[in-house]
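The next block holds one structure in the form of structure tokens; read it before the comments.
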Amino acid sequence: MSNRRQFIQQLAGSALGVGLVGGVLGLIARQGAALPPHALRPPGALDEAQFTAACVRCGLCVRDCPYAILKLADWLDGPAPGTPFFTARSGPCEMCEDIPCVPACPTGALDPSLTEIDNARMGLAVLIDQETCLNALGLRCDVCYRVCPAIDQAITLELSHNQRTGRHTVFMPTVHSDHCTGCGKCEHACVLDTAAIKVLPIQLAKGELGAHYRLGWEEKERAGGALVAPDREHQFNLPEGKGYDYYGPGLVDEPGSTTDDTPFGANPLETLRRGIGGGGE
Amino acid sequence: MGWPGVEAQHKFGWWHAHRYLLLRRLSQLSVIGLFLLGPLTGVWLIKGSLSSSLLLDTIPMTDPLLMAQLLAAGQWPLAEAFIGTAVVIGLYALLGGRVFCSWVCPVNVVTDAAHWLHRKLGLKGRLHLARSSRLWLLGAVLLTALFVGQPAWEWLNPVSLASRLLIFGLYGGLLALLLLGLFDLLLMRRGWCGHLCPLGALYGELGRVAPLRVGTPNRAACNDCMECFEVCPEPQVIRPALKGEGPRVAILDGHCTNCGRCIDVCSQHVFAFGGRTAVASEALKNLKRPEGE
């Protein structure tokens with residue numbers, strides 16, 4: 001009898017142990033699965049959850065990175081321990097054309113179908129602080145724009161009126177997600193003490209439209225014409241001979257009308273004599 | 001009983017009584033050394049870490065426990081990882097599964113040191129766990145991977161952490177090894193490697209088929225000094241071979257790590273490396289005598 005009791009006790013103890021260990025491990029893994037915003041994955045990395053599940057933490061990609069920017073995460077670094085990451089501010093991806101880190105991966109956690117480095121999406125640059133960005137202040141720094149490997153595609157300079165001086169142009173660095181590889185060169189090169197432009201993991205940086213959203217102008221272009229009742233010219237209630245130009249100076253004379261076509265005569269005395277209410281008649 | 005190996009040292013000399021111990025340390029050091037050769041000198045013989053590596057730029061080797069976790073987590077890795085796992089399984093199926101533990105694994109150095117100190121200080125462990133606990137832990141590791149979809153054990157696995165500490169200089173492993181050493185020293189004699197390590201449990205299963213085994217061909221000479229039991233990390237494996245009936249003398253238990261320490265310390269030359277089917281030397285004589293006559 002005591003043997004059976006011992007056996008049951010042992011079994012229960014072991015099962016409890018397994019449950020406990022599993023629970024603790026699971027918690028740690030869940031807790032640790034969140035990628036801190038400064039950590040970027042190597043090119044070709046799968047979605048974060050898939051990546052940490054498929055990565056064997058061997059460091060082969062780290063060894064094959066010719067610029068030694070990749071690092072395996074230590075316990076307190078943030079990313080799952082042993083997984084590779086890089087930090088844009090201290091060392092961005094140099095965008096090797098042969099992408100040596102990807103074929104080094106034995107498991108495919110770095111997707112081998114990535115053969116064109118321009119298709120990599122390691123993160124997304126965001127001009128996160130427009131209060132300190134020199135270009136946003138109206139100066140011509142342009143460094144992030146100049147160092148961008150996809151200059152004029154991933155980062156463009158968008159011109160706008162400088163409200164402060166009233167006579168200059170603001171050259172606003174603007175990131176376009178369809179070309180930004182997230183290499184981190186812009187953040188690395190930002191001349192400020194703390195970068196105003198930062199490369200963030202895509203899931204953090206990118207918004208997403210509701211699946212049912214349609215952009216009218218895109219749909220219109222695709223269909224070759226308005227899909228709803230055609231746009232109607234707006235009717236303004238204006239004096240005769242006057243028009244309104246939305247995009248230009250506002251109130252304009254209709255072509256062919258005479259400029260003196262007002263309720264008031266050319267001679268002010270006549271108006272005075274007539275009286276405001278026209279009671280002179 | 002004195003300190004194990006002293007008598008063997010008196011009879012056969014210092015080298016003889018320490019040769020497998022030293023060879024093992026050399027082997028453990030060389031494995032890490034080879035991994036460091038590349039980054040330090042630019043000569044790349046082997047690249048990666050104990051989790052997965054590439055030998056001579058051609059032969060992949062992948063930790064079977066990591067592979068098992070990946071598969072349990074629902075991943076289907078590239079062929080390279082499968083080949084690497086097959087290479088490792090093949091290698092240790094030949095040499096003895098837990099040859100990894102005693103000849104390669106860096107954690108072994110720490111737990112051996114803890115055991116040495118434990119004995120030196122005459123400490124008594126307070127914790128008692130069955131040696132089968134490692135199988136339960138192995139089960140827990142795989143079940144967690146299944147449920148969480150992540151190789152969760154890799155957040156804590158001391159073997160991976162130690163490998164990354166030595167090969168990549170990540171200090172997290174230092175803390176893990178320190179805790180592990182203290183656990184073995186203060187709480188449980190041979191606690192980690194002998195009772196808990198799930199990787200050891202996995203390799204122990206491989207050891208069941210390995211042709212290379214330590215045996216007791218000269219067991220007739222045993223004088224019951226018990227020194228082999230004292231130094232053995234898995235002392236339960238010795239008895240069937242040493243005290244068994246029948247001509248077969250190989251230690252067949254998969255958990256024998258083929259460390260050869262028993263061969264070192266035995267003053268009677270009882271132990272020797274051999275095959276699974278090794279027979280006692282007196283039985284051999286009995287077999288040969290009829291031929292000679």
Side-chain angles (χ1 to χ4, degrees), chain A residues 6-7 10-11 13-33 46 48-64 68 70-77 79-84 102-113, chain B residues 35 38-39 44 47-54 60-63 66-67 69-70 73-84 129-130 132-133 135-137 139-141 143-145 147-157 160-161 163-165 167-173 175-176:
Chain A
Q6 265 182 352
F7 174 75
Q10 248 178 14
L11 198 70
S14 302
L16 195 72
V18 168
L20 214 63
V21 170
V24 169
L25 279 180
L27 276 179
I28 294 174
R30 276 282 162 84
Q31 195 68 32
L46 306 173
E48 182 58 16
Q50 289 294 305
F51 178 75
T52 54
C55 171
V56 279
R57 293 114 165 107
C58 64
L60 280 165
C61 54
V62 172
R63 290 294 188 230
D64 279 358
L70 287 180
K71 187 176 177 290
L72 288 188
D74 208 342
W75 256 354
L76 298 179
D77 281 342
T83 56
V102 171
C105 179
T107 64
L110 302 181
D111 187 350
S113 66
Chain B
F35 276 113
W44 294 96
K47 203 185 264 182
S49 68
L50 291 182
S51 302
S52 191
S53 59
L54 197 58
M61 287 190 275
T62 303
D63 179 344
L66 250 165
M67 188 60 166
Q69 286 183 80
L70 253 60
Q75 295 293 323
W76 192 257
L78 298 179
E80 193 181 332
F82 283 99
I83 298 169
L129 288 171
S132 58
S133 303
L135 279 172
W136 289 96
L137 192 54
V141 164
L143 278 177
T144 315
F147 284 122
V148 188
Q150 295 284 335
W153 178 238
E154 294 311 304
W155 265 262
L156 295 178
N157 185 355
S160 314
L161 285 166
S163 146
R164 289 199 291 272
L165 165 71
I167 299 169
F168 287 92
L170 305 188
Y171 293 107
L175 185 63

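Predicted model, so just to flag it, every value in this text is computed and none were measured. Convention: sequence-line order gives letters A, B, ...; per-chain numbering from 1.
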Handout entry: Side chain to side chain, A:Lys71 and A:Val62, heavy atoms closer than 4.5 Å
Key = no
Do you know which of [options] has the most heavy-atom pairs with chain A at a distance under 4.5 angstrom?
{"options": "B:Pro151, B:Ser160, B:Gly48, B:Gly74", "answer": "B:Pro151"}
{"options": "B:Trp44, B:Trp76, B:Phe147, B:Phe82", "answer": "B:Trp44"}
{"options": "B:Leu50, B:Leu156, B:Thr62", "answer": "B:Leu156"}
{"options": "B:Val148, B:Leu66, B:Ile167", "answer": "B:Leu66"}

Using heavy-atom distances under 4.5 Å, tell me whether [X] contacts chain A through its side chain, its backbone, both, or neither.
{"X": "B:Pro60", "result": "neither"}
{"X": "B:Gln75", "result": "side chain"}
{"X": "B:Thr144", "result": "side chain"}
{"X": "B:Ala176", "result": "both"}
{"X": "B:Leu165", "result": "neither"}

Exercise for the section: Would you mind checking if A:Asp64 and B:Lys47 are paired as a salt bridge, meaning a charged N to carboxylate O distance below 4.0 Å? Expected result: yes
Which answer fits [X], side chain, backbone, both or neither, if we ask what part of it has an atom under 4.5 Å from a heavy atom of chain B?
{"X": "A:Cys61", "value": "neither"}
{"X": "A:Ala73", "value": "backbone"}
{"X": "A:Asp77", "value": "neither"}

Handout entry: Side-chain donor or acceptor of B:Asp63 paired with backbone N/O of B:Ser52 under 3.5 Å
Key =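 No.
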Problem - Row check, B:Trp155 ring normal vs A:Arg57 NZ/CZ: under 6.0 Å, within 45° - result: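 The answer is yes, since A:Arg57 meets both limits relative to B:Trp155.
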Problem - Quiz item: cation-pi between A:Arg63 and B:Phe35, 6.0 Å / 45° - result: no
Exercise for the section: Show the numbers, then the answer: is there a side-chain contact (heavy atoms from CB on, under 4.5 Å) between A:Asp111 and A:Leu46? Expected result: CA-CA 7 Å; A:Asp111 187 350; A:Leu46 306 173; 4.1 Å; yes
